[in-house]
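Working notes, beginning with the structure itself.
Every value quoted in this text rests on a predicted model; they were computed, and no experiment measured them. Counting from 1, the numbers follow the sequence of the chain as shown.
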Amino acid sequence: MSSRYRQPTETGPLVALEQGPYALTVAPGFGARMVSFRHAGRDVLRPTPDAVLARPTNYGFAGFPLMPYSGPMFGPGFTFGGVSYPLARNVPEEPTATHGESWIAPFRILDRSGATLELEMTHEPTPGTFPFRFRGLVRYSLSAEGLSILLRITSRDHRPMPAGLGIHPYFPKYPGTRLRFASVGVWPPDAPEAVGLGCQPLIEGLDFGNGPDVSEMVVDRLYEGWDGTAEVIAPDGFRTVIEADGVLDKMQIYSAWDYPYVCVEPVSNANDGFNRMTAGVPSHGVRVLEPNRSIEGTVRIFVADAR
């Protein structure tokens with residue numbers, strides 16, 4: 001199937017929210033992406049460079065929502081309910097469809113009041129895209145407690161629909177930065193041959209329970225049994241806390257050796273979860289939505305000593 005890249009060509013107008021020491025900027029028209037998130041002027045998330053705002057790139061922002069699935073497909077589509085659905089590559093940076101539809105879709109503003117911004121996108125299937133109709137909602141809210149991000153996906157299809165969601169934020173990774181969260185298992189590395197493999201016990205070098213130095217680690221793995229709280233601890237002691245609830249019970253971590261950021265991503269489904277569900281892999285995390293039914297989760301990001 002030929003590739004059909006669909007990301008917007010312009011960032012579009014920005015919306016800024018402020019509450020106490022926290023400030024958030026969002027680009028609704030480019031995937032409801034976070035452009036920056038700061039506490040007392042310090043970047044909590046990677047700020048989007050001006051050059052990216054002028055000529056947007058898919059992986060140049062501070063973070064973005066993931067719907068109707070997180071992570072990559074391992075092949076050219078998926079099978080659900082006995083039917084095979086082809087999916088085209090959706091961005092040029094990836095060899096297969098990745099992260100779903102929302103991160104490259106325009107959102108419209110439903111509500112902008114005080115320190116809250118509620119955004120909505122709708123998906124109508126076209127050849128090579130996700131083959132079910134759905135509505136995605138993202139609500140960003142600032143308070144003295146920090147940033148709250150509500151994610152919700154609602155089926156608008158007449159058939160049962162597989163679904164997942166998540167968030168993909170980028171945190172600064174200075175030399176000596178530590179990452180801490182508890183989990184009980186880790187999924188194998190992404191690969192076509194891994195679609196029939198399930199979660200495995202934690203192994204040495206991949207356990208973040210004691211807050212190891214992540215600044216020189218190379219890791220791209222999904223964790224199972226995450227307890228809903230993670231911390232990114234800068235060398236000067238600045239602590240950023242990430243919490244999640246609802247269906248966001250898995251944690252994807254991405255850190256490359258030459259990458260000055262670490263991605264700490266609460267998600268609901270295993271990578272290539274639709275095909276793993278079809279293969280009978282346990283704990284795939286995919287939810288099957290009946291018509292007009294929803295799943296949701298909330299992510300909170302805040303500075304520990306400011307709460």
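Side-chain contact between P291 and R159 is absent, with no heavy atoms from C-beta onward closer than 4.5 Å. You'll find the side chain of D190 stays beyond 4.5 Å of the side chain of D272, heavy atoms only. By the 4.5 Å heavy-atom criterion applied to side chains, P162 and Y69 are not counted as neighbours. Side-chain contact check for M34 versus L147: some heavy-atom pair is nearer than 4.5 Å. Taking 4.5 Å as the limit, some side-chain heavy atom of L151 sits within range of a side-chain heavy atom of V138. Residues V288 and M277 meet the side-chain proximity criterion, which asks for heavy atoms closer than 4.5 Å. For the pair T96 and L87, the minimum side-chain heavy-atom distance is 4.5 Å or more. Contact annotation: the side chain of R180 never approaches that of T229 to less than 4.5 Å [non-hydrogen atoms, C-beta and beyond].
A donor-acceptor pair under 3.5 Å links the side-chain atoms of K173 to the main chain of A256, judged by distance alone. Side chain of R89 to main chain of E94: a donor-acceptor pair is present (N/O by atom type, distance under 3.5 Å, no hydrogens or angles). Under a 3.5 Å cut-off, the side chain of R33 and the backbone N or O of N58 do form a donor-acceptor pair. At distances below 3.5 Å, at least one donor-acceptor pair connects side-chain atoms of N275 with backbone N or O atoms of T79. D245 places no side-chain N or O within donor-acceptor distance of the main-chain N or O of G228, the cut-off being under 3.5 Å.
Note: the hydrophobic cluster containing I253 also contains I203 (ILVMFWY, side chain heavy atoms under 4.5 Å, direct or indirect links). L17 and L150 fall into different hydrophobic clusters, where Ile, Leu, Val, Met, Phe, Trp and Tyr side chains are chained together by heavy-atom contacts under 4.5 Å. Under a hydrophobic clustering in which Ile, Leu, Val, Met, Phe, Trp and Tyr are joined whenever their side-chain heavy atoms come within less than 4.5 Å, directly or via other members, L197 and V281 fall into different clusters. Note: the hydrophobic cluster containing M67 does not contain L137 (ILVMFWY, side chain heavy atoms under 4.5 Å, direct or indirect links).
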**Item:** Check against side chain to side chain donor-acceptor pair (under 3.5 Å), R156 and N292
**Value:** CA-CA 5 Å; R156 299 297 295 166; N292 208 34; 2.7 Å; yes
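Looking at N90 and Q7, their side chains never bring a donor and an acceptor atom within 3.5 Å of each other. No side-chain donor from either of S155 and D157 sits under 3.5 Å from a side-chain acceptor of the other.
With side-chain heavy atoms closer than 4.5 Å counting as contact, directly or through intermediates, the hydrophobic cluster containing F74 also holds V195. Under a 4.5 Å side-chain heavy-atom cut-off, the cluster of Ile, Leu, Val, Met, Phe, Trp and Tyr residues that includes F61 is completed by L14, F30, V35, V52, L53. Clustering of Ile, Leu, Val, Met, Phe, Trp and Tyr side chains at separations under 4.5 Å leaves I233 isolated, with no partner residue.
In summary, R38 and D43 engage in a salt bridge, as defined by a charged side-chain N under 4.0 Å from a carboxylate O.
If you look at Y170 and H168, their ring centroids are closer than 6.0 Å. Ring to ring, F132 and Y85 are close: their centroids are under 6.0 angstrom apart.
Other residues, nucleotides and ligands contribute over 12 non-hydrogen atoms within 6.0 Å of the CG atom of D236. Applying the 6.0 Å contact sphere to CD of E93 captures more than 12 heavy atoms from other residues, nucleotides or ligands. The number of heavy-atom neighbours closer than 6.0 Å to CZ of R293, taken from other residues, nucleotides and ligands shown, is 12 or below.
The minimum heavy-atom distance linking S215 with G176 is given by the pair OG-N, 3.1 Å. Residues N271 and R276 share a closest heavy-atom pair of O-NH1, 2.8 Å. Shortest non-hydrogen contact noted between Y223 and L206 is OH-O, 2.7 Å. The two residues F171 and V264 come nearest to each other via the heavy atoms CE1-CB, 3.8 Å. Residue A304 comes nearest to V241 through the heavy atom pair CB-CG2, 3.9 Å, listed as atom of the first residue, atom of the second, then distance. Nearest heavy atom pair, residue G198 against residue W187, reads CA-CZ3, 3.7 Å.
The residue from R108, R152, R139 that alone fulfils the salt bridge (charged side-chain N to carboxylate O under 4.0 Å, His left out) condition with E118 is R139. A side-chain contact (heavy atoms from CB on, under 4.5 Å) with R287 is found for exactly one of P68, S294, S268, namely S268.
Note on ring orientation: taking the six-membered ring where Trp is involved, the planes of Y254 and Y259 are perpendicular (angle over 60°, cut-offs 30° and 60°). The aromatic rings of F130 and F134 sit perpendicular, their planes meeting at an angle over 60°, well past the 30° parallel limit.
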